[in-house]
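Single-structure report; data block below.
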There are 2 protein chains.
Amino acid sequence: MYSELFKWLFMSRLKEMKEVKSCPRQYVLAVNDTLNVISGKWKLPIIASLLYGKNRFKDLQENIDRITPRMLSKELKELELNGVVERKVYQTRPVRIEYELTESGKSILSVMDAMIEWGLDHRAKVVGT
Amino acid sequence: MYSELFKWLFMSRLKEMKEVKSCPRQYVLAVNDTLNVISGKWKLPIIASLLYGKNRFKDLQENIDRITPRMLSKELKELELNGVVERKVYQTRPVRIEYELTESGKSILSVMDAMIEWGLDHRAKVVGT
DNA sequence: TAGTTCACTATACAAAAGTATAGTAATATT
DNA sequence: AATATTACTATACTTTTGTATAGTGAACTA
């Protein structure tokens, strides 16, 4: 488990560098990578939609309530840059463009699992007290 | 595992409600709760700092590089509202105020673990290809 | 050939998130 | 009595993020 080590995390933001020498820098990067992929209003709905099977621009636009083409386009580009989504161009006439989750994209469900678990637990604790 | 069910998630943002009837609504809430707690520029550094043992306002301010008192105050209030942090007032003269992570706050490390794991994996895949 | 679909882009704007800088009130220290 | 520390708050501003609305160009369809 990383938890013990995580206590030494975030050295980039923490000042007392001497004491945080042993901090695993790559963990900070890993957390930031993950947050970049899932933060923002539309990233998760897009990922969920792609998991759900909708993969053309139009499909996504119809499937995700109130998203504008600008946002959809922008977010898809970012997700592609981040290696989470792949844009495939099929050379039919007319060309058909499909967006697919990469392996990494699909495996982000593991993070969702952790978030669901924590969220449910937390809600129970807060309501319970 | 929640993964299979997660495919039916995000009904709040998805239009085709008939097909998503079986969606576990509480999972969506759980994910949103979790994201609320960890998103923003300063939430994780604050949580990390508190784990690390720094718990007075001044400590946190010195420990978190470049945070302004306005942001620290604002974020601590939000974290308190969300049940992640507890503000304790000790009736000494002068009063001493300490911020502590609640049980929920501490357990958010499990989410971090998942994010570290995914982030490292993802980085390896992206660099590796 | 007029209209429709697909896959976007452009421009302008509004709202949310974060920053900079200064100030306050209570107490303690010299 | 003057200065310092703690725990903040207030005001104004900038940056980032997201929205609204319209338009483009290529192909297809009636």
Side-chain angles (χ1 to χ4, degrees), chain A residues 10 12-15 32 35-50 53-82 84-100, chain B residues 10 12-15 32 34-50 53-82 84-101:
Chain A
F10 294 107
S12 62
R13 292 259 169 79
L14 295 178
K15 267 186 182 166
N32 285 339
L35 279 175
N36 277 341
V37 166
I38 61 180
S39 64
K41 188 171 176 183
W42 301 111
K43 298 263 173 64
L44 281 179
I46 289 170
I47 291 169
S49 255
L50 288 171
K54 301 292 171 177
N55 42 20
R56 296 184 65 180
F57 196 92
K58 201 67 198 316
D59 290 337
L60 291 169
Q61 211 185 155
E62 279 167 4
N63 206 230
I64 302 167
D65 200 15
R66 277 181 285 275
I67 197 169
T68 60
R70 182 184 191 271
M71 274 297 120
L72 184 52
S73 170
K74 211 174 137 277
E75 299 293 59
L76 283 170
K77 264 172 201 155
E78 264 193 70
L79 290 168
E80 208 192 335
L81 249 160
N82 287 335
V84 171
V85 159
E86 205 192 335
R87 185 180 187 265
K88 287 191 173 169
V89 184
Y90 294 96
Q91 288 305 338
T92 53
R93 314 300 305 281
V95 289
R96 186 186 172 80
I97 289 158
E98 291 193 353
Y99 295 91
E100 277 181 29
Chain B
F10 295 106
S12 60
R13 291 260 168 78
L14 296 176
K15 267 185 183 168
N32 285 339
T34 310
L35 279 175
N36 277 342
V37 166
I38 61 178
S39 64
K41 187 170 175 183
W42 301 110
K43 300 262 173 64
L44 282 179
I46 290 170
I47 291 168
S49 256
L50 289 172
K54 301 292 172 176
N55 44 20
R56 297 183 65 179
F57 195 92
K58 200 69 197 316
D59 290 336
L60 291 169
Q61 212 185 155
E62 279 167 3
N63 206 228
I64 302 168
D65 200 14
R66 277 180 286 274
I67 196 169
T68 60
R70 183 184 191 271
M71 275 297 119
L72 183 53
S73 170
K74 214 176 135 274
E75 300 293 59
L76 282 171
K77 263 172 202 156
E78 265 192 70
L79 289 168
E80 208 192 336
L81 249 160
N82 287 336
V84 171
V85 159
E86 205 191 335
R87 183 180 188 267
K88 287 190 172 169
V89 183
Y90 296 94
Q91 290 305 338
T92 54
R93 314 300 305 279
V95 288
R96 184 185 173 82
I97 290 158
E98 291 193 355
Y99 296 90
E100 276 180 30
L101 290 174

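First the proteins, then the strands, lettered A, B, ... as listed; each starts at 1.
Partners of A/Arg56 by side chain to side chain donor-acceptor pair (under 3.5 Å), not counting sequence neighbours: none found. Legend: residues meeting side-chain contact (heavy atoms from CB on, under 4.5 Å) with A/Glu75, ordered by chain and number and at least two apart, are A/Trp42, A/Lys43, A/Ile46, A/Glu78. With sequence neighbours left out, the side chain to side chain donor-acceptor pair (under 3.5 Å) criterion links B/Glu100 to B/Lys88. Partners of A/Lys58 under the side chain to side chain donor-acceptor pair (under 3.5 Å) rule, at least two apart in sequence or in another chain, are A/Glu62. In this structure A/Glu86 satisfies the side chain to side chain donor-acceptor pair (under 3.5 Å) test with no other residue, sequence neighbours excluded. With sequence neighbours left out, the salt bridge (charged side-chain N to carboxylate O under 4.0 Å, His left out) criterion links A/Lys77 to no other residue.
The structure places CG of A/Leu60 at 8.5 Å from OH of A/Tyr99, a figure rounded to the nearest 0.5 Å. Note that the CG atom of A/Leu79 and the CG atom of A/Asn36 stand 11.0 Å from one another [nearest 0.5 Å].
Here the P atom of nucleotide C/dT19 and the CZ atom of B/Arg66 are 10 Å apart, to the nearest Å. Distance CD (B/Glu75) to P (D/dT9): 13 Å, rounded to an integer number of Å. Rounded to an integer number of Å, the gap from A/Leu72 CG to D/dT17 P is 18 Å. Distance CG (B/Leu35) to C1' (D/dT17): 16 Å, rounded to an integer number of Å. A/Gln91 places its CD atom 13 Å from the P atom of C/dA7, with the value rounded to the nearest Å. Rounding to whole angstrom units, CD of residue A/Glu80 and P of C/dA7 are separated by 14 Å. As rounded to whole Å, 13 Å separates atom P of D/dC8 from atom CG of B/Asn55. Going from atom CE of A/Met71 over to atom P of C/dT11 covers 16 Å, rounded to whole Å.
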N/O-N/O pairs, protein side and nucleotides 27-30 of chain C side, under 3.5 Å:
unit_1: C/dT27; atom_1: OP1; unit_2: B/Arg93; atom_2: NH2; d: 2.8
unit_1: C/dA28; atom_1: OP1; unit_2: B/Arg93; atom_2: O; d: 3.0
unit_1: C/dA28; atom_1: OP1; unit_2: B/Pro94; atom_2: N; d: 3.4

Give every pair of a protein N or O atom and an N or O atom of nucleotides 8-10 of chain C that lie under 3.5 Å apart, one pair per line with the distance.
unit_1: C/dC8; atom_1: OP1; unit_2: A/Arg87; atom_2: NH2; d: 2.5
unit_1: C/dC8; atom_1: OP2; unit_2: A/Tyr99; atom_2: OH; d: 2.5
unit_1: C/dT9; atom_1: OP1; unit_2: A/Lys77; atom_2: NZ; d: 3.0
unit_1: C/dT9; atom_1: OP2; unit_2: A/Ser73; atom_2: OG; d: 2.7
unit_1: C/dT9; atom_1: OP2; unit_2: A/Lys77; atom_2: NZ; d: 2.9

Side-chain donor-acceptor contacts of residues 89-98 of chain B below 3.5 Å, not counting sequence neighbours, with atom names and distances?
unit_1: B/Thr92; atom_1: OG1; unit_2: B/Pro94; atom_2: O; d: 2.8
unit_1: B/Arg96; atom_1: NE; unit_2: B/Glu98; atom_2: OE2; d: 2.9
unit_1: B/Arg96; atom_1: NH2; unit_2: B/Glu98; atom_2: OE2; d: 3.1

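Taking the side chain of A/Trp42 as heavy atoms from C-beta on, and the options C/dC6, C/dT19, D/dT19, the nearest nucleotide is D/dT19. The side chain of B/Lys58 has D/dT6 as its nearest neighbour among D/dT6, C/dA7, C/dG18.
A sub-4.0 Å separation between OP1 or OP2 of C/dA16 and a side-chain N or O of A/Lys41 is absent.
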